[in-house]
Amino acid sequence: MNYEIIKASLDNSETLTNLMQFYIYDFSEFIEAHVEENGKFGDYPLQAYWKKRIILHI
C-alpha cells in the first residue's frame with residue numbers, strides 16, 4: 001500500500017474525523033476517553049482548525 005502526505009483541506013474533514021478515532025484510541029491509555037453507545041469515541045472538535053487556517057497533515 002502506498003501512502004502520501006497531503007495538506008488537509010476542508011474536503012478532507014470526514015477522513016480526518018475518522019482518523020481521529022485511531023488517534024484517540026492510541027492515547028486512551030494516557031487520557032480519559034470513553035467509548036460511546038455507538039461504539040465510537042466522541043468526535044474530536046476539529047472545526048477550529050478549519051477556521052484558523054491551520055494546516056494538518058494526514
Side-chain angles (χ1 to χ4, degrees):
M1 180 178 275
N2 295 323
Y3 296 96
E4 178 182 5
I5 297 175
I6 62 169
K7 291 181 183 179
S9 69
L10 192 55
D11 293 337
N12 306 111
S13 63
E14 182 180 1
T15 301
L16 188 57
T17 297
N18 293 337
L19 288 171
M20 287 303 295
Q21 289 291 307
F22 293 108
Y23 178 82
I24 295 168
Y25 171 77
D26 284 345
F27 278 90
S28 65
E29 65 180 291
F30 305 109
I31 63 173
E32 189 172 324
H34 303 283
V35 175
E36 297 179 353
E37 288 184 22
N38 64 5
K40 293 173 50 179
F41 292 100
D43 287 337
Y44 190 84
L46 294 172
Q47 292 303 323
Y49 290 108
W50 308 121
K51 292 178 183 176
K52 293 181 182 179
R53 297 186 184 261
I54 295 174
I55 299 172
L56 301 176
H57 296 277
I58 58 172

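Heavy-atom basis, side chains included; hydrogens, waters and symmetry copies ignored.
Every residue two or more places apart in sequence or in another chain that forms a side chain to side chain contact (heavy atoms under 4.5 Å, CB included) with Asp11 is listed here: Ser9. With sequence neighbours excluded, no residue satisfies ring-ring contact (aromatic ring centres under 6.0 Å, His included) with Tyr25. In this view, Tyr44 satisfies the ring-ring contact (aromatic ring centres under 6.0 Å, His included) rule with no residue, not counting sequence neighbours. In this structure, the side chain to side chain contact (heavy atoms under 4.5 Å, CB included) partners of Asn18, at least two apart in sequence or on a different chain, are Glu14.
Residue pairs satisfying the side chain to side chain donor-acceptor pair (under 3.5 Å) criterion with at least one member in residues 30-42, sequence neighbours excluded, are listed as follows: Glu32-His34.
Between atom CG of residue Leu10 and atom CG of residue Leu46 there is a gap of 11.0 Å, rounded to the nearest 0.5 Å.
The two atoms that bring Asp43 and Gln21 nearest to each other are OD1-NE2, 4.3 Å, heavy atoms only. For the pair Gly42 and Ile24, the tightest heavy-atom approach, listed with the atom from each and the gap, is O-CD1, 3.7 Å.
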